[in-house]
Amino acid sequence: MTIKEKKRLLLQYNKIEENIELLRRDREKCIVYDTYRSPLRNDSTGGRPDGTVTEITVEKRAEDWEKLINTQLELLFSLRVKIEHAIHSLTNGTEQIILRLHYLGEIDDIGERHYLKVNELAERLGYSERSIRRYHHAALLHLPNIE
């Protein structure tokens with residue numbers, strides 16, 4: 001596995017997380033549009049107990065959204081475990097910290113994830129940006145294949 005392939009794989013974590021958030025927002029929009037009651041159902045006249053076609057379709061769509069989001073969550077969890085294991089296997093602690101903060105990020109006080117850039121890593125760890133880049137490159141070389 002080349003360094004480019006390793007970088008691309010590490011960057012996928014952030015993209016999966018963004019995709020999950022977009023799916024959740026889209027699901028919420030659909031729920032807003034779908035939460036009307038069908039005028040065809042009339043409870044006072046003994047309408048169908050299992051609901052109208054519209055209500056059943058709305059429920060099915062909600063289930064489909066949940067399946068899609070759960071699939072993405074499983075993918076995210078699986079990828080994160082593989083990445084964590086690969087990063088943990090590095091023997092150099094500085095390389096581990098750089099990869100964790102750069103690719104997996106850290107969660108702030110309000111629960112948002114932030115990915116540190118080279119200049120932020122240099123400031124936090126007390127190294128020059130050039131040294132951070134060298135450690136980063138070395139870490140990618142030493143990182144085992146993530147599969």
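Residue numbers count from 1 along this sequence. The model shown is predicted, which means the values in this text are computed figures rather than measured ones.
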message: Rounded at 0.5 Å granularity, tell me how far CZ in Arg8 sits from NZ in Lys4.
response: 8.0 Å
message: Quick test of your reading of the model: are Arg133 and Glu129 salt-bridged, counting only N-O distances below 4.0 Å?
response: yes
field: Within the 6.0 Å centroid threshold, strictly below: Tyr115 and Tyr103
entry: no
Distance, nearest 0.5 Å, that separates NZ of Lys117 from CD1 of Ile132: 15.5 Å
task: Would you check if Glu84 and Leu104 make a side-chain contact, meaning some heavy-atom pair closer than 4.5 Å?
output: yes
- request: Measure across Ala122 and Ser128 and return the closest heavy-atom pair with its distance rounded to 0.1 Å.
  value: CB-C, 3.9 Å
query: Does the pair Val118 and His136 meet the rule for a side chain to side chain contact (heavy atoms under 4.5 Å, CB included), with working shown?
result: CA-CA 9 Å; Val118 173; His136 180 259; over 6 Å; no
- request: Could you pull out the closest heavy-atom pair between His88 and Gln96, with the gap in Å?
  value: O-NE2, 3.2 Å
- request: Flag yes if Ile107 and Leu101 sit in one hydrophobic cluster, no otherwise; membership is Ile, Leu, Val, Met, Phe, Trp, Tyr, and two members link when side-chain heavy atoms are under 4.5 Å apart.
  value: no
message: A side-chain contact here means heavy atoms from C-beta on lying under 4.5 Å apart; do Asn92 and Tyr135 qualify?
response: yes
- prompt: Counting N and O atoms only, with roles assigned by atom type, does the side chain of Thr71 sit under 3.5 Å from a partner on the main chain of Lys67, one being a donor and the other an acceptor?
  reply: yes
- request: State, yes or no, whether a side-chain contact exists between Leu79 and Ile83 at a heavy-atom distance under 4.5 Å.
  value: yes
- request: With the side chain counted from C-beta on, respond yes when Glu112 and His114 share a heavy-atom pair under 4.5 Å apart, and no when they do not.
  value: yes
message: Applying a strict under-4.5 Å side-chain criterion to I, L, V, M, F, W and Y, I'd like to know whether Leu99 and Ile97 cluster together.
response: no
statement: CG of Asn70 to CG of Leu75, rounded to nearest 0.5 Å, is 12.5 Å
task: Hey, could you give me the CD1/OG distance between Ile98 and Ser131, rounded to the nearest 0.5 Å?
output: 9.0 Å
- request: Identify whether Leu11 and Leu90 are in the same connected component of the hydrophobic contact network (ILVMFWY, side-chain heavy atoms under 4.5 Å).
  value: yes
message: I need the Leu143 CG to Ile3 CD1 distance, nearest 0.5 Å.
response: 10.0 Å
Short N-O contact, Arg100 and Glu106, less than 4.0 angstrom: no
- line: Value for CD (Glu95) from CG (Leu140), rounded to nearest 0.5 Å, stands at 9.0 Å
- prompt: Can you get from Leu10 to Leu116 by hopping between Ile, Leu, Val, Met, Phe, Trp and Tyr side chains that sit under 4.5 Å apart?
  reply: no
task: Consider only side-chain heavy atoms of I, L, V, M, F, W and Y, link residues closer than 4.5 Å, and tell whether Phe77 and Leu68 are in one cluster.
output: no
